[in-house]
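Structure, as structure tokens:
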Amino acid sequence: MVYHNLKALIKGIRSCKTVADERALIQQESAAIRASFREEDTFARHNNIAKLLYIHMLGSPAHFGQIECLKLVASPRFADKRLGYLGIMLLLDESQEVLTLVTNSLKNDMNHSNMYAVGLALCTFANIASEEMSRDLANEIEKLLGSSNTYIRKKAALCALRVIKKVPDLSDHFTAKAKNLLTDRNHGVLLTAITLVTEMCETDPNILEEFRNAVPLLVRNLKSLVTTGYSPEHDVSGITDPFLQVKILRLLRILGKGDERASEVMNDILAQVATNTDSTKNVGNSILYETVLCVLEIEADSGLRVMAINILGKFLSNRDNNIRYVALNTLNKVVSMDTNAVQRHRNIILDCLRDGDISIRRRALELSYALINEQNVRILVRELLAFLEVADDEFKLGMTTQICLAAERFAPNKRWHIDTVLRVLKLAGNFVREEILSAFIRLVAHTPELQAYTASKLYTALTSDISQESLTLAAAWVLGEYCEIVLEGGLVDEEDPKPISDKAIVDLLLSILDSPYANYLTRQYVLTSITKISSRPMISAPQQERISEVLAMYTTTPELELQQRAVEFASLFNLGQLREGVLERMPPPELKATVMGVVSENKPVGSSSGGDLLINDDVVTSPTTNGQAGGQTNDDLLAEIFGGSSGTSAVPDASGSASPAAPKSQKSTIDDILGLFGNTPAPATTSSPSPAPSGGSGLDILAGLSSTSPPPAQPASNPMSAFSLPQSQSPAPAQPAPSRLQSYTAYEKNDLKITLTPQTSAAKPGVVMILARFQVSGSAPVTGIVFQAAVPKTQQLQMLPMSNPNVNPGSTETQQMRVIAPVGSAVRLRLRISYTLNGQAVQDQVDFSGFPPNLTGGA
């Protein structure tokens with residue numbers, strides 16, 4: 001059945017009972033329309049195009065009607081033109097070749113005597129114009145900008161906006177006409193003219209200087225809108241043309257940025273708008289928000305800035321979640337401009353932490369971090385700790401990091417600093433970064449007057465809760481190092497010290513091994529801790545026997561690292577004084593800030609510079625790090641344990657200065673220990689010494705001596721560095737960077753680019769250090785990156801954690817890898833990348849084999 005008009009077709013489609021019937025009817029009607037097009041029936045063309053556009057809106061193909069739309073446009077009847085242009089806008093886009101045929105029709109209709117025909121042409125141009133069409137019709141658009149008809153001027157301004165977006169070079173053609181349009185009294189023309197000028201100023205800075213002369217004119221227009229009484233034609237909720245006011249304010253913001261003279265001209269009107277606009281309605285709030293942005297962007301005086309921030313503070317008390325979110329987001333951007341003004345609204349910002357909307361809680365949390373200083377650190381950290389207690393898990397990792405960084409930077413005293421970190425460990429010990437735990441251990445080591453207090457607090461906290469991993473690790477470390485202080489002085493309490501036995505400490509640590517919360521990491525910490533405790537003279541024989549039995553039990557564990565350590569520790573039990581020397585208390589590690597600069601959630605943790613990390617064999621060093629442990633041999637490191645040095649070399653002491661060489665008799669003791677593990681030290685030579693292991697502790701040294709072949713590298717979270725600095729915090733040997741490092745692109749999709757930079761050493765063939773760099777080329781950040789890699793079975797791979805899983809535009813994040821491959825083999829990687837971009841999760845997998853075939857050495 002053929003339907004003669006659109007109304008009949010709509011009725012027929014609606015009467016279909018199934019989707020299949022509807023699809024069959026549309027196919028039948030489309031075939032009839034095609035047949036009619038072939039017959040060149042001019043009278044039926046109008047009805048056929050109308051039906052075809054309806055079919056297109058239902059989702060069925062209608063591309064075969066494109067040429068017929070062009071024929072309708074050429075018709076002298078206005079109804080045909082209107083339908084033809086509608087069809088062109090729906091069925092064509094700027095990428096189709098048919099569009100070149102439309103240019104001549106548009107040019108003819110732009111010179112049409114009927115203003116509505118001109119309007120149709122302009123409307124079509126503004127929707128589908130390509131770059132080529134923009135160049136062809138730019139002169140026609142420029143001519144229509146000077147039309148005496150306001151209807152045409154308004155549409156021509158929007159077409160000029162399309163031309164500038166497609167061809168920015170043509171901005172000069174419209175500068176003079178745009179200036180004239182700013183004097184127009186018609187609100188519609190003025191609105192489009194300001195939109196056009198705003199685009200021109202953002203596109204070309206040179207044009208920006210020309211339009212700065214128009215600031216007084218814009219100020220007059222804005223003032224007339226603010227002071228005008230009720231105008232029925234433009235009134236919206238009691239405010240005259242808020243859309244035009246917002247556009248003017250946005251243009252003033254661009255023109256006043258960086259220009260004191262222009263800013264001074266607009267100061268008075270901005271103050272007037274801020275004070276006279278009704279804030280009880282959403283329309284007024286939109287104008288106030290745009291006014292605030294303008295004041296904060298231009299060179300406004302301090303009083304006006306304070307008023308703008310007060311407006312944002314008032315927004316925070318609004319019941320509308322959107323307004324509160326906008327206020328918090330803006331305050332986050334301006335807190336660095338005038339922190340004192342934002343501080344006045346601290347209480348209401350903290351109230352937002354209890355808001356039901358998670359996005360508001362997140363923005364309030366970020367703003368709270370930025371407000372912390374020396375004066376309010378106690379108050380704000382107390383509030384943040386209270387929020388940490390009830391916060392969702394997704395907040396906890398960032399919160400623990402920021403609270404500890406703020407405590408490190410602004411702590412009034414070390415007692416408060418330690419109490420704060422202890423509270424964090426108790427509340428969210430499973431969400432604490434390794435760098436924070438390392439910084440806490442360094443703090444305890446450098447505060448001997450509080451070591452008894454800290455050990456007592458950790459012991460008490462651990463007895464009540466062993467489910468928090470970082471709390472368990474910190475307690476194991478501190479009790480292992482300073483258990484004799486607790487045993488001598490008892491548990492330090494607010495009133496009187498409470499005596500404690502060695503059995504209680506050992507019972508507590510051994511209970512961790514049997515708990516369901518124990519993992520591979522905590523078990524290694526506990527084994528090292530009880531071994532340290534066993535070497536203390538005040539530990540009774542029964543407890544030493546218990547510890548010996550536990551170590552013997554773990555010598556057969558299937559976990560290789562635990563088994564290796566247990567064998568070593570068990571061997572130490574028969575060495576008497578040598579055991580006490582190896583397991584004596586560690587010297588305090590180098591004390592340095594965890595992070596430099598402003599406490600902010602967006603800064604990478606554990607980094608004091610923005611430079612890329614250089615990979616040098618077994619260590620990861622930053623270009624700005626001063627390595628003090630470089631060039632030490634195993635002999636030198638073991639000599640440090642006993643307070644001397646091997647040979648005649650000078651060893652840096654705790655202050656970093658070189659101490660005089662120890663007597664040569666010390667060498668025999670070192671030989672005895674090295675001989676115990678089957679590794680006899682070679683005589684001193686003039687060759688350059690090998691770099692020290694990254695941990696730098698006596699226990700890590702023993703790990704390196706347990707076999708004649710070098711052990712595989714451990715990840716950054718190597719738990720056997722429990723009594724030393726983690727890799728990312730330890731002093732690293734200063735190695736010269738290679739003269740040239742070639743980067744290879746491994747992944748480049750969705751604005752995310754991942755490059756791999758390999759580095760090899762002639763001294764270690766088969767070992768390839770790889771630095772992965774993550775960069776974003778678009779304007780949206782890429783968040784939650786999980787980067788995984790796999791190698792063939794003949795190769796081994798170790799990976800360090802990523803510097804930051806969130807990559808912002810313009811920043812570079814890094815991740816280090818080490819591949820151990822047979823000499824002469826090619827390094828191949830299978831990479832799996834998952835991340836979130838614009839709220840959508842992306843997961844991808846690529847195989848990479850772009851490295852040179854001779855990377856691992858060999859012939």
Side-chain angles (χ1 to χ4, degrees), residues 441 445 476-485 502 506 509 524-539 541 543-545 547-548 550-552 554-555 561-589 629 632-647 651-654 659 662-663 665-681 692-708 711 714 718-725 730:
I441 289 173
W477 196 98
V478 172
L479 291 174
E481 285 293 319
Y482 309 116
C483 65
E484 68 272 22
I485 300 178
D502 55 348
V506 175
L509 292 174
Q524 294 184 65
Y525 268 68
V526 171
L527 284 185
T528 312
S529 180
I530 60 176
T531 306
K532 282 253 184 179
I533 291 174
S534 69
S535 67
R536 303 303 187 250
M538 58 191 65
I539 301 300
Q543 300 311 315
Q544 293 200 9
E545 184 65 27
I547 294 172
S548 178
V550 171
L551 292 176
Y554 274 91
T555 56
E561 186 71 20
L562 284 175
Q563 183 188 108
Q564 181 177 349
R565 291 297 185 249
V567 169
E568 293 170 355
F569 294 157
S571 301
L572 283 173
F573 263 78
N574 303 320
L575 296 181
Q577 292 182 349
L578 285 180
R579 180 185 66 162
E580 295 179 5
V582 172
L583 299 176
E584 69 179 5
R585 188 185 301 178
M586 281 187 58
Q632 289 181 312
T633 62
N634 290 332
D635 297 358
D636 297 330
L637 290 168
L638 280 171
E640 283 187 18
I641 297 176
F642 302 100
S645 63
S646 63
V651 180
D653 59 12
S659 59
S665 60
Q666 185 69 45
K667 184 77 172 178
S668 61
T669 306
I670 300 167
D671 293 344
D672 291 341
I673 295 180
L674 292 175
L676 172 67
F677 298 99
N679 190 347
T680 304
S694 59
S697 69
L699 298 181
D700 281 336
I701 297 163
L702 296 179
L705 299 175
S706 58
S707 62
T708 56
Q714 296 298 326
N718 181 6
M720 300 320 292
S721 299
F723 296 89
S724 66
L725 289 173
S730 59

Side chain to side chain contact (heavy atoms under 4.5 Å, CB included) for E568 and V582? Distances and angles first, verdict last. CA-CA 12 Å; E568 293 170 355; V582 172; over 6 Å; no
Does the Lys NZ or Arg CZ of R579 fall within the cation-pi geometry relative to F573 - under 6.0 Å from the ring centre and within 45° of the axis? yes
Closest approach of [X] to [Y] (non-hydrogen atoms, all atoms of both residues):
X    : Y    : answer
E481 : R536 : O-NH2, 3.4 Å
T555 : Q563 : O-CG, 3.0 Å
L479 : S529 : C-OG, 4.3 Å

Nearest-0.5 Å distance that lies between atom [atom1] in [X] and atom [atom2] in [Y]:
X    : Y    : atom1 : atom2 : value
I533 : L583 : CD1   : CG    : 11.5 Å
L551 : R565 : CG    : CZ    : 13.0 Å
R585 : C483 : CZ    : SG    : 8.5 Å
I530 : I539 : CD1   : CD1   : 11.5 Å

Looking only at atom types and distance, does a side-chain atom of S548 sit under 3.5 Å from a main-chain N or O of Q544, one as donor and one as acceptor? no
Within the structure provided, determine whether L572 and L575 are in side-chain contact (heavy-atom separation under 4.5 Å). yes
